[in-house]
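What follows is a set of notes on a single structure, which appears directly below.
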Amino acid sequence: MKLHNKVCIVTGAASGIGLGIARRFVAEGARVAIADLNGDAAAKAAADLNAAGPGAAMALTMDVTSEDAVNAGVAQVVAQWGTVDVLVSNAGVQIVNPVEQFAYADWKKMLAIHLDGAFLTSKAVLPHMYAQGSGTVLFMGSVHSKLASPLKSAYVTAKHGLMGLARTLTKEGGTKGLRVNVICPGFVRTPLVDKQIPEQAAELGISEEEVVKKVMLGQTVDGEFTSIEDIAEVALFFAAFPTNALTGQSLIASHGWCME
Ligand code: NAD
């Protein structure tokens, strides 16, 4: 068991990639708090995980853009399980539009969920990690932490911004046992991606099939989606890495779409 008794918080874990990471972590012996805006879905996910391993999961209704909600959720985890060993800041949404049509409210919402969410959850867990002299923070970046695509100004800006926050945290926490890394997936077939297929088709004036084949997978080496399990494996690799050597890094898993 690579994460035996490790206390983990995964935001946005009621769906998609976050849920896959929570499942993988529990299978490796971790206790995982499923923190999500959608409290009902978080409760269902936690119940499913507890059916397989009683006591393995708890649900937290958490809006990662609310400092009070984040602090209350982290306090609940510490009260119940004693500490926090791993944070996966994963909650995210996508809104596509060209800049001249991008509503300012949507821009602010995107930056808040991706960047404020990463900042607030990190800020809340750091005292516990520093107190015990160890901890891992993982940010869910994207290929869009490295590259840009049309229609995704706020998303690309936010995902690039996570790199800066991760590198700063890496330097601040280096002598306190903190490790910080960024996971950068290519396209993964989740509700977030399913929603944008018709939206991109309408914006670009092409079919949904072309969006998938050309826009999403056209630059991969094999025309395949990255899977939830692929990303959960990367998260496990970072979370279970045995020393502080692996910090301040970002790892792209995108079927060769983006290479560096
Ligand atoms: P998803 O829609 O399946 O899951 C996102 C989850 O985040 C949902 O459960 C949603 O309720 C939750 N959420 C949204 N706003 C929230 C908030 N304010 N507070 C708490 N929870 C909130 O999406 P996904 O594809 O699994 O995306 C997860 C992360 O992976 C996101 O950060 C996304 O940007 C990133 N990502 C996804 C892909 C992809 O292709 N799917 C690629 C690269 C990166």
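In each ligand, atom 1 is the first atom listed, and ligand 1 is the first ligand listed.
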Is [X] reaching over with its side chain to a backbone N or O of [Y], donor-acceptor style, under 3.5 angstrom?
| X | Y | answer |
| --- | --- | --- |
| Thr65 | Gly117 | no |
| Asp106 | Phe102 | no |
| Thr247 | Val180 | yes |

* Which atoms of ligand 1 are found less than 4.0 Å from any heavy atom of Asp63? -> 17 (C), 18 (N), 19 (N)
* **Per-atom contacts of ligand 1 with Phe187, taking only distances under 4.0 Å to non-hydrogen atoms** => 40 (O)
* **Polar atom proximity, Asn38 to ligand 1 (N or O, under 3.5 Å)** =>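 Such a contact does not occur with ligand 1.
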Among [options], which one has a heavy atom closest to [atom]?
| atom | options | value |
| --- | --- | --- |
| atom 41 (N) of ligand 1 | Ile252, Val188, Ile231 | Val188 |
| atom 29 (C) of ligand 1 | Asn90, Val193, Thr65, Ile113 | Asn90 |
| atom 19 (N) of ligand 1 | Ile34, Leu19, Val64 | Val64 |

Within-shell test, [X] vs ligand 1, heavy atom, strictly < 4.0 Å:
| X | answer |
| --- | --- |
| Ala112 | no |
| His114 | yes |
| Gly186 | yes |
| Lys159 | yes |
| Thr11 | no |

* Salt bridge Lys44-Asp48, side-chain N to carboxylate O under 4.0 Å ->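 Asp48 and Lys44: salt-bridged.
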* Decide yes or no for Phe241 and Phe238: does some side-chain heavy atom of the first lie under 4.5 Å from some side-chain heavy atom of the second? =>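 With C-beta onward as the side chain, the pair stays apart.
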* Asked: Can you find a heavy atom in the side chain of Lys146 that is under 4.5 Å from one in the side chain of Met163?
  -> yes
* Asked: Any idea how Phe187 and Trp257 line up, ring-wise: parallel (<30°), tilted (30 to 60°), or perpendicular (>60°)?
  ->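 The rings of Phe187 and Trp257 lie parallel, inter-plane angle below 30°.
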* Do me a favour and list the nearest non-hydrogen protein atom to atom 34 (O) of ligand 1 with residue, atom name and distance? => Tyr155 OH, 2.6 Å
